[in-house]
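Each remark here refers to the structure printed beneath this line.
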Amino acid sequence: MREATLALLPSAGLVPDGPLMERLAGGRPKGWPRHVRVGAFRLLDARGGIVRLRAAVTVLDDPDERLRAWGAQVVQRWHPEEGMTPGDAEVGELLGRARQLFSEYVLTRRLWEAGLSG
């Protein structure tokens with residue numbers, strides 16, 4: 001899986017995010033193995049924008065402590081990117097789900113940057 005992920009990283013934007021998100025969200029009765037979840041997260045993270053934020057918030061509930069910590073770091077460093085639609089309600093919902101990672105000031109600032117009121 002590691003080799004496949006490395007090979008796909010340069011063209012991560014061409015990989016459909018739906019199947020990758022399924023691998024982060026459980027998608028199987030016993031869940032996916034850690035290496036599959038990590039590979040999926042790496043590819044989604046490389047996409048940037050709302051896809052990166054969506055993936056990072058999803059792994060905040062992952063059973064693996066290291067993957068949860070990585071997701072938290074991505075959420076905390078996330079900022080809206082050029083080309084994103086200002087006022088996207090999904091951004092507000094995702095940041096709200098991760099609000100424990102921010103002070104009220106920083107959360108309000110991120111929402112403002114995304115074109116949402118805090």
Side-chain angles (χ1 to χ4, degrees):
M1 183 65 175
R2 183 178 308 190
E3 292 81 11
T5 301
L6 288 173
L8 288 170
L9 276 174
S11 55
L14 301 174
V15 179
D17 59 320
L20 295 173
M21 286 299 295
E22 287 175 19
R23 281 151 179 81
L24 292 184
R28 288 174 31 167
K30 293 185 180 180
W32 292 91
R34 181 184 188 279
H35 69 278
V36 171
R37 296 190 321 272
V38 168
F41 184 68
R42 287 184 73 188
L43 291 170
L44 292 165
D45 183 45
R47 300 270 306 266
I50 188 77
V51 174
R52 172 181 286 149
L53 181 61
R54 191 181 302 129
V57 170
T58 298
V59 298
L60 293 177
D61 296 325
D62 194 88
D64 183 76
E65 182 179 338
R66 290 176 60 196
L67 190 52
R68 283 194 316 267
W70 185 7
Q73 289 174 349
V74 169
V75 171
Q76 290 170 324
R77 290 189 301 238
W78 186 87
H79 292 273
E81 297 175 6
E82 188 173 323
M84 289 183 62
T85 305
D88 186 338
E90 185 182 7
V91 171
E93 189 269 327
L94 291 167
L95 290 175
R97 285 177 44 199
R99 76 179 320 115
Q100 74 278 5
L101 300 174
F102 301 103
S103 68
E104 280 302 312
Y105 172 79
V106 173
L107 179 59
T108 301
R109 175 83 182 179
R110 287 291 190 288
L111 291 169
W112 177 81
E113 289 173 359
L116 300 159
S117 62

Give me the atom names and distance for the closest heavy-atom approach of [X] to [Y].
| X | Y | answer |
| --- | --- | --- |
| Ala12 | Ala46 | CB-CB, 3.8 Å |
| Arg68 | Val59 | CG-O, 3.3 Å |
| Ala56 | Val74 | CB-CG1, 3.6 Å |

Spacing of [atom1] belonging to [X] relative to [atom2] belonging to [Y], to within rounding of 0.5 Å:
| X | Y | atom1 | atom2 | result |
| --- | --- | --- | --- | --- |
| Glu113 | Met84 | CD | CE | 11.0 Å |
| Thr5 | Leu43 | OG1 | CG | 5.0 Å |
| Leu24 | Leu44 | CG | CG | 5.5 Å |

*Are the charged groups of Arg37 and Asp62 less than 4.0 angstrom apart, N to O?*
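A salt bridge links Arg37 with Asp62.
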
*Sorted by first residue and then second, give each side-chain hydrogen bond (donor to acceptor under 3.5 Å, both in side chains) pair with at least one member in residues 46-59; sequence neighbours left out.*
Asp17-Arg54, Asp45-Arg52, Arg52-Glu81, Arg54-Glu90

*Can you establish whether the number of heavy atoms outside Arg34 located under 6.0 Å from its atom CZ is more than 12?*
yes

*Would you indicate whether Glu65, at its atom CD, is surrounded by more than 12 heavy atoms from other residues, nucleotides or ligands within a distance under 6.0 Å?*
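Atom CD in Glu65 is not packed in, count stays at 12 or less.
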
Is [X] reaching over with its side chain to a backbone N or O of [Y], donor-acceptor style, under 3.5 angstrom?
| X | Y | answer |
| --- | --- | --- |
| Arg97 | Glu93 | no |
| Arg110 | Phe102 | no |
| Ser103 | Val106 | yes |
| Gln76 | Leu101 | yes |

*Check step by step if side-chain contact (heavy atoms from CB on, under 4.5 Å) holds for Val51 and Leu20.*
CA-CA 11 Å; Val51 174; Leu20 295 173; over 6 Å; no

*Close side-chain approach of Leu53 to Leu95, heavy-atom, < 4.5 Å*: yes

*State, with a plain yes or no, whether a side-chain heavy atom of Leu111 is found less than 4.5 Å away from one of Val91.*
no

*Which residue pairs pass the ring pair (Phe, Tyr, Trp, His ring centres under 6.0 Å) test with at least one member in residues 18-75, sequence neighbours excluded?*
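Qualifying pairs: Phe41-Trp70.
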
*Would a hydrophobic clustering, with Ile, Leu, Val, Met, Phe, Trp and Tyr connected at side-chain separations under 4.5 Å, put Tyr105 with Leu116?*
yes

